[in-house]
Each structure stands twice: as structure tokens, then as C-alpha cells.
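All remarks here apply to the structure that follows.
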Amino acid sequence: MELKPLLIENTRLLGGETGRLLAVDGRIAALNPAEAPEGAERIDAKGQWLAPGIIDLGVFATDKPAFHFGGITRAALMPDGGPLDNPGLVERAAKGGKPGLWVHPLAAATKGLEGRELAEIGLMKGAGARAVATGRARIADAGVMRRVLAYAASLGLTVIAHAEDEGLTHGAVATDGEMATRLGLSSAPAIAEAMAVARDLCLVEETGAALHFRQLTTARALGLVREAKARGFPVTCGITPAHLFLSDTAIGDFRTFARLSPPLRSEDDRHACLAAVADGTIDVLASGHDPRGPEDKRLPFAEALPGMAGAETLLAMGLQLVRDGHVTAARLFDLLAANPARLLGLDAGRLAVGLEADLILIDEGTPWQVDAKKMAAWAGNTPFDGMPVQGRATMLWKGGQRIR
Amino acid sequence: MTNATTRPASDYPPGGDAFRHRHLTGIAQLTPWEISYILDAAEQWVDLNRSGAAKHDDALAGLTIINAFFENSTRTLLSFEIAGKRLGADVVNMHAAQSSVKKGETLIDTAMTLNAMRADAIVIRHSASGAVQLIADKVDCPVLNAGDGRHEHPTQALLDALTIRRRLGKVEGLTIAICGDVLHSRVARSNILALTLLGNEVRVVAPPTLIPPAMERMHVATFTDMDEGIAGADVVMMLRLQNERMDGAYLPSAREYHALYGLTPQRLEKAKPDAIVMHPGPMNRGVEIDSSVADDPARSTITEQVEMGVAVRMACLDILTRRTRKVPGWN
């Protein structure tokens, strides 16, 4: 089927100036063109925002309805399911979103994600892997981590790491603090994150490899990354909205939807995370989408599995960061699309001529309420259940093709 | 001594519900006057239990109480069973070892099963913090927490408060040292909550490896030196040290623990001359407490605590089933 040119008019580009965007043959052809080609499909956005489709870095399930609801056109899939440690599985995972969603598999750093032997990273790259990931846990053995970093660097791939020192966090389900103590939950000190970051930064200095911490959630760890960036190391980091909008008080009443990995932190750390988003230390805002049914969540807190269904609330919570004055709208879309695209080496993620026309139209103001019982995701384990939010994606294009 | 001496902290609220909760999941949900209300109610059951042959009341006749114990227990289970029976209820015990829990049934499914059997109250012990709350949210009858993980053991704290009140004439303005494995202890958590709420100075005395984080947020002072910690205390409350804590992960050995933290007669001299010694049982004699201390009737309240346990549990079962029984004024 011939793809008609697409002209989106009367739209605020990245939430800023009102303008127009023309896409031809699935790519962005012009910004604010004077003329549109014959037969172009015209969309009057009526002042809604136009942004690149969200590139969600580090999800645990290919949950298309949730991603489409959330304005996500590309998802980088964590290697834990499977695990994605050989080229065949990577190739299959890469096709898992078609049509309608780009899935970019992240190659398991080690065989079986066991943290011991290098996985076939080169072959997985050939099969479509866009980066390497250590999975839900870090690689405990520093020697193995060093080899993973050096090897991935030689292939031009970023390593996406988890940052928790397993010696400190073993058996813990919460952060040390009043909440964990009152609830009688096994907890670990927040420095477990900074300790893991410190080790890996030393290895980055040693190997020169590009490293991305998927989630950093403490003042100490973010301080280390801020310093490393100032010294010019190829280090980036991300966060999910949960750690920006919730602290460990959210686990009161043993709410297992708020059981996350890393756990929700103190209010001080939450504020440090907001500051790090504002000052550019944090590069990526991701959903960490990890839908969990009642068999994993309707359990005593310590027995429940960590994770949140985050895809549907990612955009709305991101817009809240703009409304609260922590970031500009343009910077929000760097966090949601441009920076993840750069990390994954994708030809997308910005409103720039020549890039893939993965686009979303955003009604940024309309209020709605998060309801765990009415989610598009296949499980409703959101820590934001009941929260009033504003803004959602109203239309979505992948490669110039309307999906929603 | 009877309850004539004090109603600590405050009187019952004028015109309010004396006890507005459907469940007893923890001390954290209670107000000072609700604690006092339970303690006062327990006094009559102490009298009944001491009254000789006919220790029986038919207040709960015809009601079914299920004791669902997902974790092994002898003393607490027995105490709840006796409490229910003395009130005339039909008491059924469910042991996890014999139940479908071992066959992979989820806790929620077990709760729904118990609920379908139309119990009038369910008493639950479980090894996971929060498990009792999870069940309470799913069933239609009152749920009593008989201990969940490291979280809470509210009836233990209530019986301890009653014991202190009867021995020392009050349970406010006292200095109380809670000593031992606080990190893993639900007894410690419930007692810290109850005793601080009633207006006592509570201290925690433990090796640094067994002190939970952020204790200052619980309004207690922490000590790692036993002699300093119990100095001038009115009450020395010992905790049981589980055997698995002594294998090197938290503590080097039982004998080192005894040397540094064991309650010996010499050490007890640091406390007030008339200080009482408590222990929730079962004791490790010669580890956390010496026999000469545990068996001294002038100081030790250990058997009295067991006695108060039955009375407090009778009071809790009575109060929580009043709505079911349509007791006038309770709806």
C-alpha cells in the first residue's frame, strides 16, 4: 500500500512554537513547509503538542496496548525474559512488536544472565541487539564486568547496568528507614547503589566503555555520575517516574504495587533525583514497564515480585515534571526520546528532517485518573493507582503510518 | 493491684467509640485510650481466670473462632485457644503443616476458604510481615494478628503492658529497656509502639548488627552497651534470641552474646532496685537470661505474662466480636 504524505498542522512542536510537520515515505521531510504535496493527508492538531514517539529504554515485556496508550513507539526490551542470550532469541524478540511497535532487544551481557561467561554479544548485535544489559541485577564479579565493558565497547555497544551491591541488598525488599522498620521489612542501606556505581565508574575509566545505569535513585550515586560526566567519561543514567514522584512512604500498608527494584527511597533522595533531572545528570526517563499479575503481587510484601506497569503513566508523569518546573518541554522529549535514541544508535527520537516519522500528538492538559483496574497493560500493577494526572497521547504514527 | 490505679495517657474519648476497629492487626492502628480500654477489659478476665473451678463465660457461645497458624507456635496458639474456650466459643485450630498452604495454595485462596466457612473471628500467625493485613482485607470477620513476620504481635504488647501496669501500678512515665534481637522481633516493634504511645521512655539495647535502621524515628534511644542501656530502668524486657542468629552472620557465638548481653544478676543491679524482668518466652536460659534472674519471683514476671496473655486475648476476642453479637451500643 502506498504511504500518503502526512502533514500535521496547527500543532505545537515539542510543546513550543506552533507549526507544521511534513512526513514523506515514512520519514520527516520538512518542518514548517510552505507547501504540502498533492494528496497529502492533513491532520489539524488543534493546538495539541507534536513530539517524537517515546523510546522506552528498558522494559520487561512487549505489551503493545500499554505502549500505544502511553505514546511509546519503540521499546528497548530487557534480556531477562528468555533470557536473550543468543542471536536466535534476539531476532525473534526484535520481531515481537510488528506491526505497530519497534522492539529493540538488549543483549544479555552474560550467558543465562548468570554473570559468569560472556554471551555472544557480537552475534546478537548482528541479529538486531542495540545495546548490552546486565538484567535485573548487576554483574557481581568485577572481573566479568570489566570484560563485558571492554568487549561491548569494541563492538560499539553501550552496556546498560543495574546498580545495587548484592552483598548489602541480599534479601532486602525496602530501603533502610523508618518505613521499613515500622513495617518490619528487611531493608538495605541506600549506599548499596552508590557502591555499585563507584565500582563500575572505575571500570569505565579503565576500559573507556560507554555505560548507562538504567535507574539511579539516590543522591550519592547521582553525585558520582555528575562528577564522572564532568570529567568527560561516557556515562549516562536513567530513572522511572516512580522514584521522582514517590518515596518509601508509598509502601505503607504493605502496598506491593510499590515494591520496586531498586526500592523506593527516602524523601531526601527523591528530591535529589528531581534535582538531577533538572541539572542534566539524568539522561533518560523510562517506564521500567514490568506488568505483574495477582499471582506475583497479591502476596505478602516480601514474597511479592518487584516491578511496576509504567508504560501508560510515563508520559503523564513526564508532563508533570514540566508543569512543576523541573524541566522544559523540549528537555522532557530529550529524556523520553532523543537521549534513548542516541544510546541505542537509532535514526529516530527527534523532530528532525530525515529521521523516521515516529510521532505522537499529545493532549497535554486533559485530566484523567490512573486506575489499576482499567489499564491497557495486561496487568495493572501501578504504584500511581488513584492518582489524578494530566495529559495523554491522542494519535501515534510509526514510520509515518497511523497506529492510533 | 487492680485497674483502680491508673488509666494512663488519657481517658476514653467522651462520646466516641471505645474501640473503633474491626480487626486487631497491630498496635500502630491504636490510640492510647483504645489500649487502656483493652487493658481495663482484660482485668475482669484475670479475675475470672483466678476464680477457681468454673472459669467459664458464655459471652461468645455459638461463635466459631479459627486459629490459623502458618508458623509454628505452641504458647500463643494455646493461649488463644484457651481464651476462646473460656468465653464459650467453638475454637478450631489450623496448622500450616497440615494444610493446603504446603501444596501451593496462595494465602489469599486460603483466606477465602476460611471466610467461606463463616468464622466469626480468625486469629492468624504468619512468617511474612503484612500477611495478616492481606487476609484482613479479604475476609468478612474480625482478624486478630497473632504475629506476622517481624512486623507486629499486638496481643503480646498488650499483655506486657497489662503485666507492667499490675506490677508497677502504672504503665506511663517508666523507663523500659528492650534488650536483644530487636531487628527480627515483632514483639519489640509492638512493644516499642505501645509503650511509647502510653508515655514511657523506651530504650533499645542490642548488638549493632541487630538494631533496625532509623530507630530514632520510633522515639527510642538505642544502646549497644547493656550496662548503660539498663541503667536506672524500671523494666528490663528481654527478647528471645533465635538460634539461627548465633551462627556467625549476626553474632559470633552464643557465649559471646551471653558475655556482652546476657541478663545476669550482677548486670541487673544496674537497673532500679525494684525493676522487673520480662521475657516473652520461650527462654534460652544461659544465653539471653540467667536462670537465677528468670526464676526470681520478686523480679521476674515471666509466668505472670503468660497468665495475662490469656486475659488480654479474651478481652480482644470479646471486644472484636461485639458488633457480630449485636452488643448494645456496638454497631
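Chain letters run A, B, ... following the sequence lines, proteins first, then strands; residues in each count from 1. Given the structure is predicted, the values throughout are model-derived calculations rather than measurements.
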To see if you've got the definition right, give the donor-acceptor pairs under 3.5 angstrom between chain B and chain A.
unit_1 : atom_1 : unit_2 : atom_2 : d
B/S129 : OG     : A/G184 : O      : 2.6
B/R189 : NE     : A/T181 : O      : 2.6
B/P213 : O      : A/T181 : OG1    : 2.5
B/R217 : O      : A/R182 : NH2    : 3.1
B/R217 : NE     : A/E178 : OE1    : 2.7
B/R217 : NH2    : A/E178 : OE1    : 3.0

For chain B, which of A/A180, A/P294, A/G177 has the most heavy-atom pairs under 4.5 Å?
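With the most close heavy-atom pairs to chain B, the winner is A/G177.
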Non-hydrogen atoms of chain A under 4.5 Å away: do they reach the side chain of B/L193, the backbone, both or neither?
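Side chain only.
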Among residues at least two apart in sequence or on other chains, which ones pass ring pair (Phe, Tyr, Trp, His ring centres under 6.0 Å) with B/Y257?
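Once residues adjacent in sequence are excluded, the partners of B/Y257 under the ring pair (Phe, Tyr, Trp, His ring centres under 6.0 Å) criterion are B/Y261.
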Option in B/G26, B/G130, B/A131 with maximal non-hydrogen atom pairs under 4.5 Å from chain A
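Highest number of pairs under 4.5 Å: B/G130.
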Contact summary for B/L134 and A/P300, nearest pair of heavy atoms
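B/L134 and A/P300 have their closest heavy atoms at CD2-N, 3.6 Å.
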